[in-house]
*Asks:* 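Can you read through this structure? Questions will come right after.
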Protein chains: 2
Amino acid sequence: MSDLLERLRGRGWRMTSQRRVVAEILDAGDHVHLTADEVHVQAAERLPEISRATVYNTLGELVSLGEVLEVSTDGRAKRYDPNAHHPHQHLVCSNCGTIRDVHPTGDPLADLPDDERFGFTLSRAEITYRGLCPSCS
Amino acid sequence: MSDLLERLRGRGWRMTSQRRVVAEILDAGDHVHLTADEVHVQAAERLPEISRATVYNTLGELVSLGEVLEVSTDGRAKRYDPNAHHPHQHLVCSNCGTIRDVHPTGDPLADLPDDERFGFTLSRAEITYRGLCPSCS
DNA sequence: ATCCTACGATGGACCAAATCCAAGTCAAGA
DNA sequence: TCTTGACTTGGATTTGGTCCATCGTAGGAT
């Protein structure tokens, strides 16, 4: 995943210092799921003048480019998952909120029978497994 | 599900006119998923002085009592699902946001192998199927 | 190497959802 | 019916996010 910057440049993404810092922060944490605000804090350590709007804009673009996934497991702040090229689901601790990437067996879409699809054209399934992590249980 | 009020009283839930109205609104819509604000609007039709804080408090209690499920499928307002005693998953239109309750086959928890559980004690799995509804596709 | 200009960044205003809090009210047990 | 602790109120506050007019600059053109 560390060629994220390469891929973006190759797609004609205009490279600015702000975008580079945001992309690098996401790229650095492969199975970390930061909030926009956490990204902003980390970015500001390297680029003190970066604005929140820029972080939001950049994250939004990375999401629509398909380079990053938006996950909202708790109804609070959205989190950004840099692992977009590797299909996976999430395991969340009901107590402390920790998130882990997991890989269930089978194809989740296959579990939804035709007569339960109501004419929808399915594109994907997101699974959130919930439970208590070792240190909370 | 229409004995929600009974169950709550039986559990020693202090009954007030505000709580009754909120519970009845949820109880009335079996496969509807209202936002807190929509509940507030409907409640205010019957009880003009009811405050937002009370609606939020009451919804929060119904959730922790396990009578209602909190679902956040779009990162915007949370929605409240009165169908908590009937296990089901959600099918969401990526375009218009419509939500349908669906019943996939099999046990979603069974699809997560032991070596992908990282010592967690699993309690449930939430699946969100995404796609386009008939009128949006 | 420099110039242009369209695209990106800024920051402060604004917004929606949700929570907090001090003061007032009331359900239900004694 | 009285009492009291639990509930409600509404306004302030917090949180997460968006908008927009203006300024700045990346990178192609010359």
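The structure presented is a predicted model; accordingly, all values stated were derived computationally and were not measured. Convention: sequence-line order gives letters A, B, ...; per-chain numbering from 1.
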*Asks:* Less than 4.0 angstrom from a charged side-chain N to a carboxylate O is my criterion; do Arg19(B) and Glu61(B) meet it?
*Replies:* yes
*Asks:* Are OP1 or OP2 of dT10(C) and a side-chain N or O of Gln18(A) less than 4.0 angstrom apart?
*Replies:* yes
*Asks:* Send over the distance from Arg76(B) CZ to dG17(D) C1', rounded to a whole Å.
*Replies:* 8 Å
*Asks:* Calculate the interatomic distance between Glu38(A) atom CD and dG17(D) atom P; express it in whole Å.
*Replies:* 11 Å
*Asks:* Taking all non-hydrogen atoms of both residues into account, name the closest pair between Gly66(A) and His85(A) and its distance.
*Replies:* O-CE1, 4.1 Å
*Asks:* Between dT25(C) atom P and Ile50(B) atom CD1, what is the distance in whole Å?
*Replies:* 17 Å
*Asks:* Return the value, rounded to whole Å, for the distance between atom CG of Leu8(B) and atom C1' of dC7(D).
*Replies:* 15 Å
*Asks:* Under a 3.5 Å cutoff, is there a donor and acceptor pairing between the side chains of His86(B) and Asp101(B)?
*Replies:* no
*Asks:* Can you tell me if Arg19(B) touches the phosphate of dC7(D), counting only side-chain N or O atoms and a distance under 4.0 Å to OP1 or OP2?
*Replies:* yes
*Asks:* How long is the line joining CZ of Arg9(B) and P of dA6(D), in whole Å?
*Replies:* 19 Å
*Asks:* If you check every side-chain atom of Ser51(B), which of dT9(D), dG27(D), dT10(C) has the closest atom?
*Replies:* dT9(D)
*Asks:* At a heavy-atom distance below 4.0 Å, what parts of residues 52-61 of chain A sit against DNA chain C?
*Replies:* Ala53(A), Thr54(A)
*Asks:* Give the minimum heavy-atom separation between Arg46(B) and Ile25(B), together with the two atoms involved.
*Replies:* NH2-CG1, 4.2 Å
*Asks:* Tell me whether the side-chain N/O atoms of Thr16(A) come closer than 4.0 Å to OP1 or OP2 in dA9(C).
*Replies:* yes
*Asks:* Where is the tightest heavy-atom contact between Arg117(A) and Leu91(B), given as atom of each residue plus distance?
*Replies:* O-CD2, 3.7 Å
*Asks:* Taking only the side-chain heavy atoms of Glu49(A) (C-beta and beyond), determine which of dT10(C), dA27(C), dT19(C) contains the nearest atom.
*Replies:* dT10(C)
*Asks:* Look at the side chain of Ala36(B) and decide which nucleotide, out of dA16(C), dA18(C), dG5(D), has an atom nearest to it.
*Replies:* dA18(C)
*Asks:* Over the length of the helix from dA1(C)-dT30(D) to dA30(C)-dT1(D), how much do the five-pair end axes diverge, rounded to 10 degrees?
*Replies:* 30°
*Asks:* May I have the distance from Met15(A) (atom CE) to dG28(D) (atom P), rounded to whole angstrom?
*Replies:* 13 Å
*Asks:* If the threshold is 4.0 Å, N to carboxylate O, is there a salt bridge linking Arg79(A) and Glu70(A)?
*Replies:* no
*Asks:* Will you find, in the side chains of Asp81(B) and His31(B), an N or O donor that is under 3.5 Å from an N or O acceptor?
*Replies:* no
*Asks:* Mind listing the closest non-hydrogen atom pair of Ala125(B) and Tyr129(A) along with its distance?
*Replies:* CB-CD2, 3.7 Å
*Asks:* Starting at the 5' end of DNA chain C, which residue's closest nucleotide do you reach first, Ser17(A) or Asp37(B)?
*Replies:* Ser17(A)
*Asks:* As an exercise, state the distance from OG of Ser51(A) to NE2 of His40(A), rounded to the nearest 0.5 Å.
*Replies:* 6.5 Å
*Asks:* Between Glu70(A) (CD) and dT18(D) (P), how many Å, whole number?
*Replies:* 8 Å
*Asks:* Arg14(A) has an atom CZ; how far is it from atom C1' of dC4(C), in whole Å?
*Replies:* 11 Å
*Asks:* Could you give me the CA-CA distance, side-chain angles and deciding distance for Arg130(B) and Phe120(A), then say whether side chain to side chain contact (heavy atoms under 4.5 Å, CB included) is met?
*Replies:* CA-CA 9 Å; Arg130(B) 296 192 187 270; Phe120(A) 277 60; over 6 Å; no
